[in-house]
There are 2 protein chains.
Amino acid sequence: MPDLHPVAHKFILHWGEMGARWGINRTVAQIHALLLVSRESLHAEEIAATLQVSRSNVSTSLRELLAWGIVRTAQKLGDRRDYYEAVGDVWDMARIIARERKRREFDPTVVALRECVQELEARPADDALDAARLAELLEFLETLSDLYGQLDKVPSPALKRFARLGSKIPRIIGGL
Amino acid sequence: MPDLHPVAHKFILHWGEMGARWGINRTVAQIHALLLVSRESLHAEEIAATLQVSRSNVSTSLRELLAWGIVRTAQKLGDRRDYYEAVGDVWDMARIIARERKRREFDPTVVALRECVQELEARPADDALDAARLAELLEFLETLSDLYGQLDKVPSPALKRFARLGSKIPRIIGGL
DNA sequence: CCTTTGTTTCAGTAATGACTGAAACAACTG
DNA sequence: CAGTTGTTTCAGTCATTACTGAAACAAAGG
């Protein structure tokens, strides 16, 4: 990675690694990391050169990040290339990631599980299958889903304030 | 998958799929799913036959699940094979998964990012690198980490009660 | 309209991660 | 202590996913 601050370099590798472990393409995460730590927006060519990946890989990965909504394009006067930058606020970014991941990687499972539980009414469980467990699991996932929905209503600053309450949190949640 | 209720079959495939999307080996997730919906504990041979994967794959995957702590062994009188079963309560299971994933896939990134921010004091940022962004990101991740720590103190039943408060949640969190 | 500049698509290849089967190991049994 | 039953390890193979480079496409400029 030419012309890259050693700290940026290190961060990009680690962010890519974390992404990979959570099922996000490593290059996608690295590009995101690069844009995160870049003061200025970058064009695709720069990204490819910096991360030493092919131009086409950058193109695909940027599309992905745009689809997520955590990167947006910017224009510069007298330059018709697209420039890319990470969305400003870290909390907003996290919310977007949470929303998208829930939608893509969680909701489909809940739907499938709901179907499973329904099908068990038509075609009852046999000895081997623990229908109660399935129902319990579905209830749990639906509770989580609802909880997420409620949390998503809270604006970032309020969420931030709450998250920072430290040891008051167990008392608040425990005493309801 | 022989002798398997169609609903169990469907659930196992979906659970495996979800696991894969979150960076968990598909077979590991499928075995977990199978144990989750099985009324009785199963031995490795049964698992291999049911999911049609090799005995050694089952062995490795079970080890993984045991390491996670979401599956435990059980014994049967007059049978020296190990039997395996999923931990009982769904909420407990989720807590274990959350704890382990944080430890394995989140904490290392926070450590690395903390180092990055520290190194920036020795070797200051250049024009391209947005040091403030890095610091902001670190603060965010540390806040999340602390929040998790606090939530982990709350016993499952209380957490459950809280999660089910529905539309009261935004008001509680927002009004602090 | 032809050239330049930039982007996207896609077929083929490379890299990675998952899986298998054979062999080693371990523990019990008669 | 030889045979039986069950488990784990590991080198090699297979499958999947990621990546590349060339070609197609798109848009603007001269």
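Predicted, not measured: the structure shown is a model, and the values here were computed from it. Chain identifiers are assigned alphabetically (A, B, ...) following the order of the sequence lines, protein sequences preceding nucleic acid strands; residue numbering begins at 1 within each chain.
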Note to self: Determine whether a donor-acceptor pair (N or O, by modelled atom type, separation under 3.5 Å) exists between the side chain of R39(B) and the backbone of L129(A).
What the structure shows: yes

Check: Side-chain donor or acceptor of S54(A) under 3.5 Å from a matching atom on the base of dG21(D)?
Finding: no

Margin query: Please report the distance, rounded to the nearest Å, between CG in D82(B) and C1' in dA26(C).
Written below: 12 Å

Next item on the list: Could you check how far CZ of R63(A) sits from P of dT7(C), rounded to whole Å?
Entry: 13 Å

Next item on the list: Hey, which sits more toward the 5' end of DNA chain D by its nearest nucleotide, R80(A) or I24(A)?
Entry: I24(A)

Checklist line | Over-ring placement of R101(B) relative to W22(A), 6.0 Å and 45° cut-offs | finding: yes

Next item on the list: Respond yes when some side-chain nitrogen or oxygen of T27(A) is under 4.0 Å from OP1 or OP2 of dA18(D), and no when none is.
Entry: no

Margin query: What is the separation between atom CG on N57(A) and atom C1' on dG21(D), rounded to the nearest whole Å?
Written below: 12 Å

Checklist line | Presence of R26(B) side-chain N/O under 4.0 Å of dA18(C) phosphate oxygens OP1/OP2 | finding: no

Checklist line | Phosphate-side-chain proximity, R55(B) and dG21(C), N/O vs OP1/OP2 below 4.0 Å | finding: no

Item checked: Atom-to-atom span, CD of Q52(A) to C1' of dT20(D) - whole angstrom -> 15 Å

Checklist line | Gap between atom OG1 of T50(B) and atom CG of L4(B) - 0.5 Å precision | finding: 6.5 Å

Checklist line | Ion pair R123(B)/E115(B), N-O distance below 4.0 Å | finding: no

Check: Just how far, in rounded Å, is C1' of dT5(C) from CD of E46(A)?
Finding: 16 Å

Notebook entry, point to check: Which whole-number value in Å describes the distance from I31(B) CD1 to dT7(D) P?
Noted result: 13 Å

Next item on the list: Using atom CG of L62(B) as one end and atom C1' of dT8(D) as the other, report the distance to the nearest whole Å.
Entry: 12 Å

Next item on the list: Could you check which of dT8(D), dG6(D), dT20(D) has an atom nearest any side-chain atom of V53(A)?
Entry: dT20(D)

Checklist line | Closest nucleotide among dT20(D), dT7(D), dA22(C) to the S56(A) side chain | finding: dT20(D)

Notebook entry, point to check: Using the ring of each side chain (for Trp, its six-membered ring), is H43(A) parallel, tilted or perpendicular to Y83(A), with breaks at 30° and 60°?
Noted result: perpendicular

Notebook entry, point to check: For the pair made of CG in N25(B) and P in dC14(D), what is the distance, rounded to whole Å?
Noted result: 19 Å

